[in-house]
Amino acid sequence: MANSLRTPEGPGVLIRIESVTKRYPDGTVAVDRLSMEIPDRSITVLVGPSGCGKTTTLRMINRMVEPSEGTILLDGEDIQRQPVTTLRRSMGYVIQNAGLFQHRTIVDNIATVPRMLGWGKQKARARAAELMERVGLDTALAKRYPYQLSGGQQQRVGVARALAADPPVLLMDEPFSAVDPVVRKGLQDELLRIQEELGKTIVFVTHDIDEAIKLGTMVAVLRTGGHLAQYAPPSELLSSPADAFVEDFLGGDRGIRRLSFFPSGRLELTTGPVIPLDATAEQIAAPDALWLLVTDADGRPLGWSEPGDLAAGDIRPDRLLSHGRPFVPGTDSLRVALDCAVLSPTGWAVAVDTDGRVTGVVSQQTIGEAIRSAHAAGRDDEKVAG
Amino acid sequence: MANSLRTPEGPGVLIRIESVTKRYPDGTVAVDRLSMEIPDRSITVLVGPSGCGKTTTLRMINRMVEPSEGTILLDGEDIQRQPVTTLRRSMGYVIQNAGLFQHRTIVDNIATVPRMLGWGKQKARARAAELMERVGLDTALAKRYPYQLSGGQQQRVGVARALAADPPVLLMDEPFSAVDPVVRKGLQDELLRIQEELGKTIVFVTHDIDEAIKLGTMVAVLRTGGHLAQYAPPSELLSSPADAFVEDFLGGDRGIRRLSFFPSGRLELTTGPVIPLDATAEQIAAPDALWLLVTDADGRPLGWSEPGDLAAGDIRPDRLLSHGRPFVPGTDSLRVALDCAVLSPTGWAVAVDTDGRVTGVVSQQTIGEAIRSAHAAGRDDEKVAG
Amino acid sequence: MNVLNFVNSFFSDSAHWHGYDGIPARLGEHVRYTLQALLLAAAIGLPIGLVTGHYGRGGNALSLVATAGRALPSFGLLVLMTTLLGFGMLPVMIPLVILAVPPILVTTYEAMRSVDPSPVDAARGMGMHESRILFQVELPVALPLILSGLRSAAIQIVSTATIAAYVSLGGLGRYIVDGLYQRNYEKVVGGATLVAVLALVTLALFWAVARTAVSPGVRRR
Amino acid sequence: MSGFLHDFFDIPSDLQHSWLGLIGLHLREALLPVAAGLLLALPIAQLCVRFRWLYPPVLGVTTVLYAIPSLAFFVVLIDYTGQTELTVMIPLAVYSLVVLVPAIVDGVRSVSEETLAAATAMGFGPVRRYFQVQLPIAVPAIIAGLRVATVSSISLVSVGMLIGNQGALGNLLHDAQIYNRPELTWNSVITTALLAILVDALLVLVRVLLTPWMPSGTARRKQAPALEDAAR
Amino acid sequence: GGTSDDPLKGGGAKGDTVVVGSNNFAESILLADIYGEALKAKGIKVTYKPNIGSRETTYGLMKNGTITVLPEYNGSLLAYLDAKAKPKTVEETTTAIDAKLDSKLELLKPSAAQNKDSVTVNAETAKKYKLTSDSSIADLKDVAKDLDFGGSPEFQTRHQGLAGLKSVYGLEFKSFKSLDAGGPLTQTALKKNTVQAADLFTTDPTITRDKFVVLKDPENLFGFQNVQPLVRKGELSKEGAAALDAVSAKLDTKALLDLDAQVQLEKKDPLDVAKAWLKSAGLV
Ligand SMILES: Nc1ncnc2c1ncn2[C@@H]1O[C@H](COP(=O)(O)OP(=O)(O)OP(=O)(O)O)[C@@H](O)[C@H]1O
Ligand SMILES: Nc1ncnc2c1ncn2[C@@H]1O[C@H](COP(=O)(O)OP(=O)(O)OP(=O)(O)O)[C@@H](O)[C@H]1O
Ligand SMILES: [Mg+2]
Ligand SMILES: [Mg+2]
């Protein structure tokens, strides 16, 4: 979960929404004096319950909806100043069910905007093929039609199509909400990867708070009536919800979920209780620990045992207690480390390197301390910022 | 989360699926020699990836699909022996999008089966009204038509309709998968409540493992091809997935999620570090603790502070660190307790009674020990059972 | 030539309002032919459409039959039937019914097929009998479309029933055929106007039937 | 038998065409009006899509025009266009509107919100959107309408016999009568029906060729709304 | 291809091509074929516009020049032009027609062949009311109110039709059934007793076949009905006119009856029948 550790890189503001109100002809106020700064080259997520004005906000950015009041600036310039088609072509747009052109092949769908911009057929298709690979689609699918693709694949085509003309901005309206959870997770990971590689500015709408927290560099929680309830990085959202509405919307497990944003790299590991399968009686007795982790010849974990149950030279792997899931310090977050510790019968989490070789173990207590110091660091940051 | 603490009550078997195979005319083997015992008066969840044969299995129970091989016994009797309509009328059936009759009002939708069974119009409607209340629908909606209801309300009507003739069995095929997450959670809670009140035998199909774990007394994980990968209570599923497929399907956080099934009632609380707002200097100095929890006059938590930062008689609530979310021992699970501890800046979770008055605090370390002993108890159970 | 003048003089000629060749008589005949043909066509098209639509089978055969039915020239059939069967209602009814069955048949089939399958599934799961599913679950939802099929058929019959005049029967076609051979434009235009008005009335009737017979839940307002 | 076959295909000289000639004539008289109807229906339908309120009155007017018997049309037209094919074809073109307009309107309307939004967001203007997105996606519905219109047109051409040999295969009906040759009636009816079925099959083929993007299995359900009006 | 190839060209007869038209019944087509083939034999270019419709239509097309030559029946033509005329001889008929005829049209010489409208009853009715070929229309005076009469739609309003039957013979039928102009519908209706009396052409071969009885017309309501070519003035060459005169000179009622029978009973093609007759009459 590379993303879990991402921090806002604090770059410039690309899109500035200034006191924007949208009143529909029937009187509905969908967005009410909304002001927001959307940072460059990061994912900003709009999240909130149904009907809170997410889609309206998003569509005002590419002028598919015109604000009733207020202005929106793109790169410092009022978007009203540009011809609407030029504006739109500088922004990719991805929606639920992809909105593909059912009458065009995949490659032609993706090549739509380049072709409109006057690229040659050859060039546009080459670009489309390149993008298919980038979004993780087999190029063998190029000549197929949308109906021949699964929902997840269609959604990938939607993303590729939006990226085709290399627009600096990507607007995404609940793009993954119609696919099943497993595929959805894949698409989210893919999006994070693509964002990291291409550095687009993405405005992402969802009503799923977990998705918002997973994807967002910044998350804007809207409440019905188009009011901005809170606009903050996800970890701050989890630790300090602005009000009861946001807290409620965030749901349970806030503490544990927040741990996703803390790295496990600084956890102090100990190798004391780690012994090899062919450990001598001294090695077994030495550590003065309640539990010992036995590893195989390669250093991969086999399982836990109480020292008293081990006989030197006759350690039976099938008699050991499961070592549970190991974690990779540096790559995994504190959340994973804690989960490993909780799942482990001994309360100790096993740390391994990327090859799966044990690099040490860490107790739930140590993890707890790490969590506290991370909290403290967070508080200090706030103080510095304040 | 009353459910989190539910344990299978180990009652009799109501439905017995015996080595059932379903081969569709086109050769697809949707279910392959499946054997399962579905316990009485509990929720059994079938979960698995798309196309793994969940729907087929469910529909064989009410004979909407006839097995190619094998038998299904209801209450010990082969379902083939009964007239198919009698069988079906003894089983409520709820599907995605509710499948309401759009030309009938809500009350008439719910009254369908009673009317079919020959009840008088008056009686059937009274029953329908009663059921609307039971599933949490305002009876003012009775005269509306389905299109005038939200997706969640429609789904409730679907459940009410299935319950109308008070059938002992309820078959539910992804009933909640088309509604948004917030509404979905409400529907799930409602279902648990209804099940507890009415004691129905529910067979529930979903492809969402979280839903399965939340709802199921027993969970059957199917893999593509209609093979039963594992059939176990959810906590066992989380602690000991049968194979890599199940482990993968369960996703991350298994350890922490499993804590939902451990009660927090036996946690040892301490009241040592708890002091009132008007604490004396002695009260502040006495506990010999790193952190103190300050409560108001009613005993409700105000926040944490290091003892050194407190001046007797002049404790400023706005200077205190947030006490985070408190938990209610006995009602909440160990998972909630751990989350509270993790979220707390001090690593201590605050326990309150149902009125929100502090009953004590507990350290993350103590919670860790409780987790370990719960694990050990689980192991012992297994040994006893084995 | 001014069509409106013709219409005006046709309708203001009091001779056109009495007797066996008067407007009331002719209109009555026309309505009778129309109703007879529509009822016959419905009696054939509805049951077949409902059943095939319910089971979802035979759609291709149905569409072939419908195409053939549509393709048969009504006029040719009329002539053929008259030579085969002599004069009377039967040779007129046959082409009218053949004309009206395809729209009824095809729309009924399509209407049944387009019913959302999930309520049907739910009904089956409740232990409803197939016939009950057909009449109490599918039919009420398919009704607007079925009515539109009947409406098309009715309009076509109203228009085509004029051919009855060609084989000496009455109806509004009388004015048109007579007018044509007598070079009496007034009659032709008057007759055509009456047919168009009758078509409008038919439209209105079907609209009213749809308002009352279709559940507000299906109409969605 | 061969005698019957001989009589069957022995077309009286006053029709001035061979059997195949009549078929060609029939096709021309039936298809040209539908083509003209299509050209007319496209802009009308687009107006109806654009201005929703226009649709019900347009439907009403086309239905009323459709209800006017062709004979009456002929009588009115004959003063302007004489005893010619044109007199036959004008009403047929008008009739085809009652099927084509709703078919196109429904087809164009059937394009999903999402697809339209995607097109707009990509910077498609209204014209481009119409020709590159809405119209192509409406093709199956339009062809469904064309099928009904064409088949009806083929059947209706026969009435042209009433205005002096302008009914192509329909003229056989009259000759069958005046020469007491019923086999000519059979010829007319059967040939017309076969012709219609053949042209219908051809249109299906055209649809398949034009819409490789359509799922073959599930097509039926999606087509239902278009067929509603096509059956009119 | 026929004239239908240039549908909008009103004056199809201009130039060197002669357009021979005909009404929509078999005999008219046959006569047109005879005229046309006779003209062709003189090297005149001929196109046919057969099967047009009733006189009301064909006369219009003659006037506007769509057709050049049309086989006509002098009595009917006169009745159409002047309903009140009551000529006593063929010559008087011609004179009366000339007075009313459009200035662009003229009649050529009449033939001896006659084909009149008639009041014809079927065998059953004849038997019932004891009618024979010597009976006259007037004999129906008392029974007409019990009879259904069949005729073309135009018969209903023409003087040489229902109107004349009433004013001249005082007949009022029980009902009038609009059928066709002495065509198969009328024949069938009469045969099947759908109507008991009908307007049939006297040369109709089914009269003898089906034992219908033609009633005499002592008041000469249906006038003289000599077959006579109606042509557009100056659009037919001298040879052409001569050829048609030659045809008229040879054609008599008996010949016509025979030719009609060949077409309608023996199912020969009218064009073949026409050619054969022209040949046998030595006209080609
Ligand atoms: N064209 C419109 N005319 C009138 N009201 C509209 C229109 N579009 C949206 N609304 C209303 O504006 C409000 C906000 O709509 P919007 O679509 O922006 O919500 P959303 O947050 O995207 O909701 P969802 O999660 O359901 O997509 C809603 O109350 C909606 O009913
Ligand atoms: N009527 C049928 N004919 C042929 N194959 C079928 C039929 N119904 C289902 N199948 C196939 O049987 C397999 C299991 O289908 P089933 O509907 O039971 O899966 P499921 O687990 O309910 O999937 P989902 O989560 O997508 O609803 C699938 O491969 C499916 O394609
Ligand atoms: Mg939205
Ligand atoms: Mg399923």
Side-chain angles (χ1 to χ4, degrees), chain A residues 1 49-50 150-151 174 177-178 180-183 185 206-211 238-240 247-249 251-260 290-291 321-322 324-325 332 334-336 338-349 363-365 367-369 371-373 375-376 378-379, chain B residues 1 49-50 150-151 177-183 185 207-211 238-240 247-249 251-260 290-291 321-322 324-325 332 334-336 338-349 363-365 367-369 371-376 378-379:
Chain A
M1 284 222 279
S50 188
S150 72
E174 306 203 13
S177 66
D180 76 63
V182 178
V183 177
K185 192 181 165 301
T206 178
H207 58 238
D208 177 353
I209 184 68
D210 289 323
E211 189 168 63
L238 288 168
S239 65
S240 340
E247 185 170 353
D248 214 56
F249 196 76
D253 273 0
R254 278 197 287 117
I256 291 162
R257 278 150 76 202
R258 191 182 168 219
L259 295 182
S260 295
L290 282 173
W291 293 93
L321 286 176
S322 157
R325 184 162 67 119
D332 287 332
L334 268 190
R335 181 179 182 176
V336 178
L338 178 65
D339 189 57
C340 296
V342 167
L343 199 57
S344 157
T346 62
W348 289 74
S363 72
Q364 195 178 318
Q365 196 180 340
I367 296 172
E369 273 151 26
I371 294 171
R372 271 190 300 286
S373 62
H375 275 295
R379 275 200 304 283
Chain B
M1 283 223 280
S50 189
S150 72
S177 66
V179 292
D180 77 64
V182 178
V183 177
K185 190 181 164 303
H207 59 239
D208 178 354
I209 185 68
D210 289 323
E211 190 168 62
L238 288 168
S239 66
S240 339
E247 185 169 355
D248 214 57
F249 195 75
D253 272 1
R254 276 196 288 119
I256 292 162
R257 278 151 73 204
R258 193 186 167 215
L259 295 182
S260 295
L290 284 172
W291 292 92
L321 287 176
S322 156
R325 183 162 69 119
D332 288 332
L334 268 189
R335 181 179 182 177
V336 179
L338 178 65
D339 188 56
C340 295
V342 167
L343 198 57
S344 158
T346 62
W348 289 75
S363 73
Q364 195 177 317
Q365 196 179 339
I367 296 173
E369 273 150 24
I371 294 171
R372 270 192 298 289
S373 61
H375 276 295
R379 273 201 304 285

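Proteins get letters first, then strands, A, B, ... in listed order; numbering begins at 1 in each. This structure is a prediction, so every number in the text was calculated from the model and none was measured.
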By a 4.5 Å heavy-atom criterion (distance strictly below it), what part of Ser344(B) contacts chain A: side chain, backbone, both, or neither?
->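 Looking at Ser344(B), just its backbone touches chain A.
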Proximity breakdown for Ile371(B) and chain A, heavy-atom pairs closer than 4.5 Å | side chain
Should the pair Asp339(A)-Arg254(B) be classified as a salt bridge under the 4.0 Å nitrogen-to-oxygen rule?
-> no
Spacing of [atom1] belonging to [X] relative to [atom2] belonging to [Y], to within rounding of 0.5 Å:
X: Ile367(A); Y: Gln364(B); atom1: CD1; atom2: CD; result: 8.5 Å
X: Asp210(A); Y: Asp210(B); atom1: CG; atom2: CG; result: 8.5 Å
X: Leu343(B); Y: Arg257(A); atom1: CG; atom2: CZ; result: 11.0 Å

Is chain B contacted by the side chain of Ile209(A), its backbone, both, or neither, given a heavy-atom distance below 4.5 Å?
-> neither
Any side-chain heavy atom of Leu338(B) sitting closer than 4.5 Å to one from Leu338(A)?
->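 Contact flag for Leu338(B)/Leu338(A) side chains = yes.
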